[in-house]
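To keep things clear, I will list the structure first and then write my remarks on it.
The figures that follow rest on heavy atoms only: side chains count, while hydrogens, waters and symmetry mates do not. When a ligand or atom number is given, it counts from 1 through the structure's own listing order.
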Amino acid sequence: MMLKLYNTLTREKSEFKPIDKNGKVVKIYTCGPTVYNYAHIGNMRAYIFMDVLRKVLKYNGYALDHVMNITDVGHLTSDADEGEDKMAKSAKEQHKSVYEIAKMYTEAFLKDIDELNIERPEHIVKATDHIKEMEEYVKEIVENGYGYETSKGIYFDTSKLPSYGELSKIDLKNQMSGARIEVDPEKRNPLDFALWIKAPKEHIMKWDSKWGLCYPGWHIECSAMSRKYLGEEFDIHTGGVDHIPIHHENEIAQSKGATGKNLARTWMHVEFLLINNGKMSKSLHNVYTLEDLKKNGIEPLAYRYLTYSSHYRNKLNFTWEGIRAAQVSLNRLRELTLQHKGVRCDIAKDKIEDLESRFLNAINDDINIPAALAVVWEVAKEPIKSDKYYMLLKKFDTVLSLKLDKEVKENENEEYPEEVMEILKQRKIARDNKNFEESDRLRDQLKEIGYLVIDSKEGQKLKKV
Ligand code: AMP
Ligand code: ZN
């Protein structure tokens, strides 16, 4: 069955064929996190998609060579060339070094992806480990006549590349005439962007280079690192839709400037996660992390399940009601899956093949996971229980990665506030000491704040009331 993927570059769904002449290995590059803060669940939607894409490719028999970068330098507070370096800003705010900040948030990110059952790409590479490669790349761009020097740094001359804007379909002439008064008079064109930035004295992260103490522009890391690990041209490049107009456009420009090639053949972009139909923003206090979900008794994989309710090219709305419903559905799906486990009952080969083929059709139609999930439910709900169905669900789960064979235990997903856990601990001590008066008092105290304690053989259990 043919795998079709939507390519932002052509705005079309087309048959996927790897560059590899043996047709086996697929080379992918994913723009990874900027590690200045905890990743939020919107970011995680992008990485869940990256993982599903990997698993769909594997399901189709391909081997993978996949790079994801960790941005630990150069990403300014605006995606264009303005503002402070996000890493330096965070370090200052938290009274830590930029390297401590990078280490702390990289570890947190890796923990998050593990909890979401996201497989780690073959290469996870840090920008700061590739400064030399980036400088080399900038030199090539300049030598080929696409870069120029100003007092601030080295800039890419977008007027030299007639195809600039091809990914986002930017109408350059309109942009130019409509552009606000240029803030940097040394730039030749308003859309020119920084490749290599001369570091002001107070700038923390800087490296000695041909142009003195500098730091890289944000976009150059992806061009340089993808070439190092995947070559000048590879199969698929992924990221969020916000990367289309600036970051990915500029990656393409840089690569064309240095190598004459458009680094990736297929560009895939994940739409945004909205919260209550609006933007996530710190000022609205609606930026949630996986930790926030866990504190509310939601398992990270329930969030993964929620992302399957919408195609990756459609916006997805997060609400607490929606995520709770996703947890309930996931638990139900697991219960139904386990009902098939170990039941000896033959099922007609045609029937299994039909389900398999419908699942494959769905995932191969530009990763249509909502359609694939409908097939999964159909199998799970089969009234005739059979191990054959169980095996099929396990096979489908190599793509979905929802741990469908996990047993659901009551209260397992619940994480309670610290205050509640403390009272529960005190109550256990009271009971162990046979101080039933105190234990009853603590039980009433919990009831007052909305928790019912049930004493069972396994110990105290809580229920929200
Ligand atoms: P960043 O760490 O800011 O570079 O973002 C990491 C990834 O998350 C990028 O691929 C972004 O496009 C993506 N992203 C950021 N916000 C959202 C959102 N609300 N929904 C989906 N993806 C997002
Ligand atoms: Zn990138």
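For atom 19 (N) of ligand 1, the candidate residues are Ile48, Leu273, Thr238; the nearest heavy-atom contact is made by Leu273. With atom 3 (O) of ligand 1 as the reference point, the heavy atom nearest to it among Ile244, Leu316, Asp242, Asn43 is part of Asn43.
Against a heavy-atom cut-off of under 4.0 Å, Met280 is close to the following atoms of ligand 1: 19 (N). If you number the atoms of ligand 1 from 1 as listed, the ones under 4.0 Å from a heavy atom of Pro33 come out as 2 (O). The contact set between ligand 1 and Gly240, taken as ligand atoms under 4.0 Å from a residue heavy atom, comprises 10 (O), 12 (O).
Checked by distance only, ligand 1 and Glu271 stay at 3.5 Å or farther apart across all their nitrogen or oxygen atoms. In terms of N/O distances under 3.5 Å, ligand 1 is not approached by Gly239.
Taking a 4.0 Å cut-off on heavy atoms, His40 registers as neighbouring ligand 1.
Salt bridge status for Lys27 with Asp20: absent, with no side-chain N to carboxylate O gap under 4.0 Å. The pair Lys187-Asp184 does not meet the salt-bridge criterion, since no charged nitrogen lies less than 4.0 angstrom from a carboxylate oxygen.
Because the distance cut-off is set at 2.8 Å, His243 fails to qualify as a neighbour of the Zn ion (ligand 2), as none of its N, O or S atoms comes that close. Backbone or side-chain N, O or S atoms of His219 do not reach the Zn ion (ligand 2) at under 2.8 Å. Counting backbone and side-chain atoms alike, Cys31 contributes an N/O/S atom closer than 2.8 Å to the Zn ion (ligand 2).
For the pair Asp51 (side chain) and Glu119 (backbone), a donor-acceptor distance under 3.5 Å is present.
Counting heavy atoms of neighbouring residues, nucleotides and ligands inside a 6.0 Å radius, atom OH of Tyr38 does not exceed 12 of them.
Nearest N, O or S atom of His247 to the Zn ion (ligand 2): atom NE2. Nearest N/O/S atom of Glu251 relative to the Zn ion (ligand 2): this is OE2.
Stacking of Arg265 on the aromatic ring of Phe234 is not recorded, the 6.0 Å distance cut-off and the 45° axial limit not both being met. With a 6.0 Å cutoff to the six-membered ring centre and a 45° limit on the axis angle, Arg313 counts as a cation-pi contact of Tyr6.
Exactly one residue among Asn7, Leu53, Thr8 makes a side chain to side chain contact (heavy atoms under 4.5 Å, CB included) with Met268. That residue is Leu53. The one candidate from Ile369, Leu57, Asn368 that meets the side chain to side chain contact (heavy atoms under 4.5 Å, CB included) condition with Ile363 is Ile369.
Ring pair Phe109/Tyr47: centre-to-centre distance below 6.0 Å.
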